[in-house]
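Keep in mind that this is a model prediction, so the values were computed, not measured.
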Amino acid sequence: MLKNMFKKTYTIIDTKYKTQKKEEEPSIPQGLWRKCNKCGQPIYVEDVTNNFYVCPKCGGYFRVHAYRRIEMLIDEGSFEEWNAQMPFSNPLDFPNYEKKVQAAKERTKLDEAIVTGKGRIGGQETAFGVCDARFLMSSMGHIVGEKITRMVERATEEKLPVIIYACSGGARMQEGIVSLMQMAKTSAALKKHHEAGQLFISVLTDPTTGGVTASFAMLGDIILAEPNALIGFAGPRVIEQTIRQKLPEGFQRAEFLLEHGFVDKIVERKDQKEVLAQILRLHKREAGDTGIAQEPELAGEPLMAGNAFSMDGWQKKGNPKNKGLAEEPKTAWDTVQISRAAGRLVATDYIEAIFDDFIELHGDRYFSDDGAIVGGIASFNGMPVTVIGQQKGKNTKDNIKRNFGMPSPDGYRKALRLMKQAETFGRPVICFVDTPGAFCGLEAEERGQGEAIARNLFEMASLKVPVLSIVIGEGGSGGALAMAVANEVWMMENAIYSILSPEGFASILWKDSKKAPEAARVMKITAGDLYEKGLIEQIIPEEEPACENTLPALAKFMHRKMAEFLEKYMAMDPDEIAAQRYQRFRNI
C-alpha cells in the first residue's frame, strides 16, 4: 500500500546492457514512521495503533492519551463525560502557573490531567477516570483531586463501580500543600464508596508515582497493572540519590510489585477490556437473586446423606496398596499416605473443574504473594463467589514455588484480604484446605506467623457471608484451621485433619517418630473419625483415591453439594450466618 501511495522516480544504470530504465522507490511521508523509544527500531505508526500502542518489535508500552484510552475500553457511544470544564485554581498564586496550565491545555486539547465520566465496558456500566501524562505529567492538583472526588461521590450515589487508570508524577508542586490535601480528599471519597459496598478497580500505568501512589491508586479493591509500568512512592532517581546505591534491575516495576504482594494481576493491554468486563460481571448481582441452580442428581447414594453417616462400604474397602485384599480394612495410616500421595488432586484442580471465569488475585498488600495460597473470584452457576485454596505443587519445581503447600504469614493475610473483600460484596467463600502445616521458617516468624493465623481465626469468626471449607488432602494443625473457621467443614474420604502430623505426635508423646502409624490411629484424624465426633458436616466419597481420572465425578458431586449449601446459607440473614458459625465452634 505504501509503495502505491507514495512513489518517486529515479534512474538506474544497467551496467551490463548500458541502458537506462525507470524504477520506483517508496517515499515515506513524515509521520508514518517513528523510532521506538524502548528498542530504537523504526516502527510503522499504523502497526503500533493496531497493536494497542505496543511496539510490535520489542513489546514496549507507549503511553496512551486519555480519550484514546476511553475509545479502546469503553463501549462505542456509551461514554458520558462528567465535569469536563472546571474553573482554573492557583491556590498559592504561583508565578506563571496559569500560563503553564494554559499551554498544556492548548497542546493536549484537554482541560486538565484527568478525564472522568461513565460508560459501559462489555455492557457493564461503570464510572471511569483516566489520567493523561501529557498534561503536566498528570500531576494531582486541586482540579484533578476535585474531579476524582466528584466522580467517586456520584458513583456512590448512583451505585456504580469505579475504574481509574492512574498515571502521574505525583503531587503538583505549584499548588503545594493544597495538592497534598487531594490525597486525603480522594481517599476519603473512596472510603465512603467502599462502605457503600461498591467496587473500585485501580489500573496502574507507567508511571504511577508520588502522592497518587500514596492515595487513590493503591486503594483499589482490585489493583491491576500494565506490564513493566513504573510504580512507586519515591522515584528511582530520588532513591538512588538518597541511599547512594544502584537499584536492582526491575525495581519498582509492575512485576516487582506483583511479587511483593501489592498488585492483584498484570494484564496486557490487548486483554484489558475483556478482564475489566469479566470483573464487573462478577461484581454485579441482582437483588434477591442467589444465582443457585441445582445440578442433576448423581447415580447412587453418597456416603453421607443428611445426618446419617454409614461406615458400610467405607471401612470395608481394602488397602489401596493391596487391591486384592478387599476384606482388609483401611487403616488411619493408610489414609495418611493417600492424603499425601504425589498424584493426589490439588486445590486448582477443583477450582478449574467446579467454577467458571476464575480470576486469580495476588498479594497480601503488605509484603509478598505467597504461592502456597491461591485465591480469587469466580462464578458458580452464575453466582459470584470467592475461592481460596492451599496449594501444593505437582512436581518438584512447582512444590518449591508453592513451598510444599506450607503457607507463610503473607499467604494467610492474602486469604483474609480476599475473605474481607468477599464480605464487602456479599460473596460466599469456598476454601480448599490442604497443608501439612504453616511454614515454620525463620522468615515466617519474623513476619508474624502466629499473629497471621490468629487474625484469620478472629476475623473469620464474624464474617457475614457463608464460608465453606473442604479438607481435600492434609489438614495440618493451625495452618489448616486458619482456613477452616467455616459454617460447615467437609472432608474428602481420604483426607486427614489433625493437631499435627502423626510423626510429630509420636515424637512428642512417645519420643519415637517410627510409631507414627500407631499415632495416626489414636489421634482420630480420618474423615470417619471426625464425622462421628461431630467435628465435620460432610464426607465426600472417593470410590478411588482422588486423581485426574476421578476428578469429573468428584467435581460433579461437590458441585451438587455446594449448590445445596449455598441455597441454604444465602437465604439466611448476614447476622444469622455469623451467629451460626459462632455456635458451631461454641458447641465443640
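- Counting heavy atoms of neighbouring residues, nucleotides and ligands inside a 6.0 Å radius, atom CZ of F233 does not exceed 12 of them.
- Using modelled atom types, one side-chain atom of H193 and one backbone atom of L160 make a donor-acceptor pair closer than 3.5 Å.
- Using a 30° and 60° split on the angle between ring planes, H260 and F367 fall in the perpendicular class, above 60°.
- Checked by atom type and distance alone, the side chain of K414 never pairs as donor or acceptor with a backbone atom of H362 at under 3.5 Å.
- Taking the charged nitrogens against the carboxylate oxygens, K392 and E474 do have a contact shorter than 4.0 Å, which makes a salt bridge.
- Using modelled atom types, no side-chain atom of S202 and backbone atom of L219 make a donor-acceptor pair closer than 3.5 Å.
- Using a 4.0 Å cut-off between charged nitrogen and carboxylate oxygen, R150 and E153 do not count as a salt-bridge pair.
- Using modelled atom types and a 3.5 Å distance limit, the side chains of D221 and H283 yield no donor-acceptor pair.
- In this structure, the ring of Y366 has its center no less than 6.0 angstrom from the ring center of F262.
- Side-chain atoms of Q421 and R427, non-hydrogen and from C-beta on, do get closer than 4.5 Å to each other.
- D434 and Q390 form no side-chain donor-acceptor contact under 3.5 Å, judged by distance and modelled atom types alone.
- Between K192 and E157, no side-chain nitrogen of the basic residue sits less than 4.0 Å from a carboxylate oxygen of the acidic one, so the salt-bridge criterion is not met.
- No more than 12 heavy atoms of other residues, nucleotides or ligands sit less than 6.0 Å from atom CD of E548.
- Looking at S78, its side chain does come within 3.5 Å of a backbone N or O of R120 through a donor-acceptor pair.
- Shown here for I351 and V387, the closest heavy-atom pair between the two residues is CG1-CG1, 3.5 Å.
- Applying the 6.0 Å contact sphere to CD of E445 captures more than 12 heavy atoms from other residues, nucleotides or ligands.
- Considering all non-hydrogen atoms of both residues, C167 and C131 come closest at O-CB, 3.3 Å.
- No donor-acceptor contact under 3.5 angstrom links the side chains of Y531 and E537, judged on distance only.
- The pair E459-K420 meets the salt-bridge criterion, since a charged nitrogen lies less than 4.0 angstrom from a carboxylate oxygen.
- Around CD of Q583, the count of heavy atoms belonging to other residues, nucleotides or ligands within 6.0 Å exceeds 12.
- Side chain of T386 to backbone of V429: no donor-acceptor contact under 3.5 angstrom is found.
- Side-chain atoms of I164 and V162, non-hydrogen and from C-beta on, do get closer than 4.5 Å to each other.
- Side-chain atoms of Y350 and E352, non-hydrogen and from C-beta on, never get closer than 4.5 Å to each other.
- S379 contributes a side-chain N or O that, together with a main-chain N or O of G382, makes up a donor-acceptor pair within less than 3.5 Å.
- Contact annotation: the side chain of V64 approaches that of R269 to within less than 4.5 Å [non-hydrogen atoms, C-beta and beyond].
- Salt bridge D349/K394: present, at least one basic N to carboxylate O contact under 4.0 Å.
- A salt bridge (Lys or Arg N to Asp or Glu O under 4.0 Å) with E226 is found for one member of R69, R253, K270 and no other, namely R69.
- Using cut-offs of 30° and 60° on the angle between ring planes, the pair F380 and F355 is tilted.
- Looking at T424, its side chain never comes within 3.5 Å of a backbone N or O of G197 through a donor-acceptor pair.
- We find that K464 and E576 are not joined by a salt bridge, their nearest charged nitrogen and carboxylate oxygen being 4.0 Å or further apart.
- In this structure, CD in E146 is found 12.0 Å from CE in M140, a value given to the nearest 0.5 Å.
- Contact annotation: the side chain of L418 never approaches that of L416 to less than 4.5 Å [non-hydrogen atoms, C-beta and beyond].
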**Prompt:** Going through the checks in order, is the salt bridge (Lys or Arg N to Asp or Glu O under 4.0 Å) test met by R365 and D264?
**Reply:** CA-CA 9 Å; R365 296 288 194 275; D264 280 298; 2.6 Å; yes
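- Proximity of M558 to M492: side-chain heavy atoms (C-beta onward) are separated by under 4.5 Å at one or more points.
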**Prompt:** Going through the checks in order, is the side chain to side chain donor-acceptor pair (under 3.5 Å) test met by Q580 and N487?
**Reply:** CA-CA 7 Å; Q580 184 275 342; N487 295 91; 2.6 Å; yes
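- Listed here is the closest heavy atom pair of K273 and L73: CE-O, 3.2 Å.
- A cation-pi geometry, defined here as NZ or CZ lying under 6.0 Å from the six-membered ring centre and within 45° of its normal, does not hold between R586 and Y582.
- Residues I148 and I114 form a side-chain contact, since some pair of their non-hydrogen atoms from C-beta on lies under 4.5 Å apart.
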**Request:** Apply ring pair (Phe, Tyr, Trp, His ring centres under 6.0 Å) to the pair Y165 and F128, showing each step before the final yes or no.
**Result:** CA-CA 8 Å; Y165 268 72; F128 191 81; 5.8 Å; yes
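- No donor-acceptor distance shorter than 3.5 angstrom exists from the side chain of D410 to the backbone of D370, with no hydrogens or angles considered.
- Enclosure of atom CZ in F458 is not indicated, since only 12 or fewer non-hydrogen atoms of other residues, nucleotides or ligands lie within 6.0 angstrom.
- Judged purely by distance below 3.5 Å, without hydrogens or angles, the side chains of T348 and Q391 pair a donor atom with an acceptor atom.
- A donor-acceptor pair under 3.5 Å is formed between the side chain of T435 and the backbone N or O of G405.
- At a threshold of 4.5 Å between non-hydrogen side-chain atoms, the residues K533 and D529 do not count as touching.
- Shown here for L282 and D357, the closest heavy-atom pair between the two residues is CD1-O, 3.7 Å.
- Between the side chain of R447 and the backbone N or O of A452 there is no donor-acceptor pair closer than 3.5 Å.
- When all heavy atoms of R340 and S501 are compared, the pair lying nearest together is NH2-CB, 3.9 Å.
- Geometrically, R154 engages W82 in a cation-pi contact, judged by NZ or CZ lying under 6.0 Å from the ring centre and within 45° of the ring axis.
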